[in-house]
Amino acid sequence: MKKPIKIAAKAIIFDPDDRVLILHKSEAERKPNKDHGWDFPGGGMEPEEPIMDALAREVMEETGLQVKVVAPAYIYDEIQAEKHLIIIKFACDQPIGDLVLSSEHESFHWVPMSDLQHQAFPEWMKEEIRRAYRIYTDFRGVNR
C-alpha cells in the first residue's frame with residue numbers, strides 16, 4: 001500500500017537582536033509522538049495552498065508573528081506509519097507582531113546565537129539552526 005506524501009514547512013526565525021525562536025510543544029502535542037517537544041513554528045499545507053502561504057499561515061496561527069522568508073535552509077523526510085512526510089525548513093527574519101502562542105505550544109524561547117552551543121537542545125536542532133543562520137547572514141549580507 002502506498003503512503004500519502006505530505007509536505008510541511010517550518011520557520012527558523014531570527015530577530016534583530018541575533019536570537020532564534022524555539023518553541024516547546026504542549027503536553028498534548030508531545031504525548032502521541034513521545035518526543036522531546038522542541039519545535040519551530042510551521043506545519044502542513046492545505047490542499048492547493050502554495051508552500052509559502054502555508055508557512056506564513058502556520059507561523060501566524062502558532063505565534064501571532066509575521067515573518068520575512070529568507071530562503072530554504074534544510075529539507076528532510078520521515079517515513080511514518082501513516083504517511084511519508086517531507087519537511088522544508090526556511091530561514092526567516094523580521095518578525096513583526098506580539099508573540100502569542102497557540103494551544104500547540106506551551107512556551108517559547110528567544111535564544112541568543114552566541115549561547116546556542118551551551119543550550120540543552122538536541123544537536124540536530126542546533127545544526128539546523130546553524131545552517132539556517134549561515135543562509136540568513138549570507139543572504140542578508142550580515143557580518144557576524
Side-chain angles (χ1 to χ4, degrees), residues 3-140 142 144:
K3 296 178 184 206
I5 296 173
K6 301 289 183 180
I7 299 173
K10 294 280 189 169
I12 302 176
I13 304 169
F14 301 97
D15 76 357
D17 295 324
D18 213 25
R19 302 178 301 172
V20 63
L21 178 63
I22 300 175
L23 306 179
H24 197 254
K25 293 179 185 177
S26 67
E27 185 176 347
E29 291 289 320
R30 286 192 315 265
K31 233 176 186 179
N33 298 323
K34 297 182 178 126
D35 68 13
H36 51 78
W38 298 114
D39 196 16
F40 300 111
M45 299 166 47
E46 299 294 334
E48 299 183 29
E49 182 180 36
I51 194 164
M52 301 310 282
D53 293 350
L55 181 61
R57 176 184 52 75
E58 286 284 346
V59 170
M60 178 59 76
E61 287 175 3
E62 293 180 10
T63 67
L65 298 174
Q66 290 180 311
V67 295
K68 174 78 174 162
V69 177
V70 174
Y74 196 80
I75 300 170
Y76 74 98
D77 67 336
E78 263 179 38
I79 299 175
Q80 300 175 343
E82 70 284 356
K83 66 185 173 265
H84 183 167
L85 180 63
I86 299 168
I87 301 171
I88 305 170
K89 296 187 179 178
F90 292 86
C92 300
D93 74 343
Q94 302 176 10
I96 297 171
D98 295 324
L99 203 153
V100 178
L101 294 177
S102 72
S103 61
E104 293 179 39
H105 298 97
E106 64 187 18
S107 64
F108 66 90
H109 308 272
W110 283 107
V111 178
M113 286 303 295
S114 59
D115 292 345
L116 183 64
Q117 66 185 1
H118 304 295
Q119 299 294 320
F121 304 115
E123 279 306 313
W124 63 263
M125 182 175 241
K126 291 179 188 179
E127 182 50 40
E128 288 179 0
I129 293 168
R130 287 185 202 104
R131 185 180 301 196
Y133 188 69
R134 285 190 300 272
I135 290 168
Y136 158 72
T137 56
D138 287 350
F139 188 81
R140 292 287 182 217
V142 177
R144 303 265 185 212

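Note that these values count all heavy atoms, side chains included, but never hydrogens, waters or copies made by symmetry.
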S.K.: Would you mind reporting whether L21 and P95 have side-chain heavy atoms less than 4.5 Å apart?
M.R.: no
S.K.: Is any side-chain heavy atom of I129 less than 4.5 Å from a side-chain heavy atom of Y136?
M.R.: no
S.K.: Any chance you could lay out the side-chain contact (heavy atoms from CB on, under 4.5 Å) test for L101 and E106, step after step, and finish with the verdict?
M.R.: CA-CA 7 Å; L101 294 177; E106 64 187 18; over 6 Å; no
S.K.: Before accepting this row, confirm whether a basic side-chain N of the pair R131/E128 lies closer than 4.0 Å to the acidic partner's carboxylate O.
M.R.: no
S.K.: Within a radius of less than 6.0 Å around NZ of K6, do more than 12 heavy atoms belonging to other residues, nucleotides or ligands occur?
M.R.: no
S.K.: Check whether more than 12 heavy atoms from other residues, nucleotides or ligands sit under 6.0 Å from atom CG of D98, and answer yes or no.
M.R.: no
S.K.: For D17 and R19, indicate whether the former's side chain and the latter's backbone hold a donor-acceptor pair under 3.5 Å.
M.R.: no
S.K.: Taking all heavy atoms of C92 and all of L55, pick out the closest pair and write down the distance.
M.R.: SG-CD2, 4.3 Å
S.K.: As an exercise, state the distance from NZ of K25 to OG of S103, rounded to the nearest 0.5 Å.
M.R.: 13.0 Å
S.K.: Find the distance between NZ (K83) and CD (E78) and round it off to the nearest 0.5 Å.
M.R.: 8.5 Å
S.K.: Nearest 0.5 Å, please: how far is CZ in F40 from OH in Y74?
M.R.: 11.0 Å
S.K.: Do you know which two heavy atoms are closest between A9 and I51, and how far apart they sit?
M.R.: CB-CG1, 3.9 Å
S.K.: Between S114 and D18, is there a side-chain heavy-atom distance shorter than 4.5 Å?
M.R.: no
S.K.: How many angstroms lie between CD1 in I22 and CD1 in I13, if you round to the nearest 0.5 Å?
M.R.: 11.0 Å
S.K.: Taking the side chain as C-beta and beyond, is there a heavy-atom pair between H24 and F108 under 4.5 Å?
M.R.: no
S.K.: Kindly give the heavy-atom pair with the smallest separation between G44 and A54, and that separation in Å.
M.R.: O-CB, 4.3 Å
S.K.: When you measure from the side chain of T63 to the backbone N and O of M60, does any donor-acceptor pair fall under 3.5 Å?
M.R.: no
S.K.: With heavy-atom distances below 4.5 Å as the criterion, would you say the side chains of F14 and M113 are in contact?
M.R.: yes
S.K.: Between A91 and A73, what is the shortest heavy-atom contact and its length?
M.R.: N-CB, 4.0 Å
S.K.: Going from NE2 on H109 to CD on Q119, what distance comes out if it is rounded to the nearest 0.5 angstrom?
M.R.: 9.0 Å
S.K.: Is R134 close to R130 at the side-chain level, that is, under 4.5 Å between some pair of heavy atoms?
M.R.: yes
S.K.: Are the side chains of Y133 and L116 in contact, using a 4.5 Å heavy-atom criterion?
M.R.: no
S.K.: Roughly how far apart are H84 NE2 and I86 CD1, rounded to 0.5 Å?
M.R.: 5.0 Å
S.K.: Using the test side-chain contact (heavy atoms from CB on, under 4.5 Å), find all partners of E82 that sit at least two apart in sequence or belong to another chain.
M.R.: Q80
S.K.: Answer yes or no: is there an ion pair linking D39 with K10, defined by an N-O contact shorter than 4.0 Å?
M.R.: yes
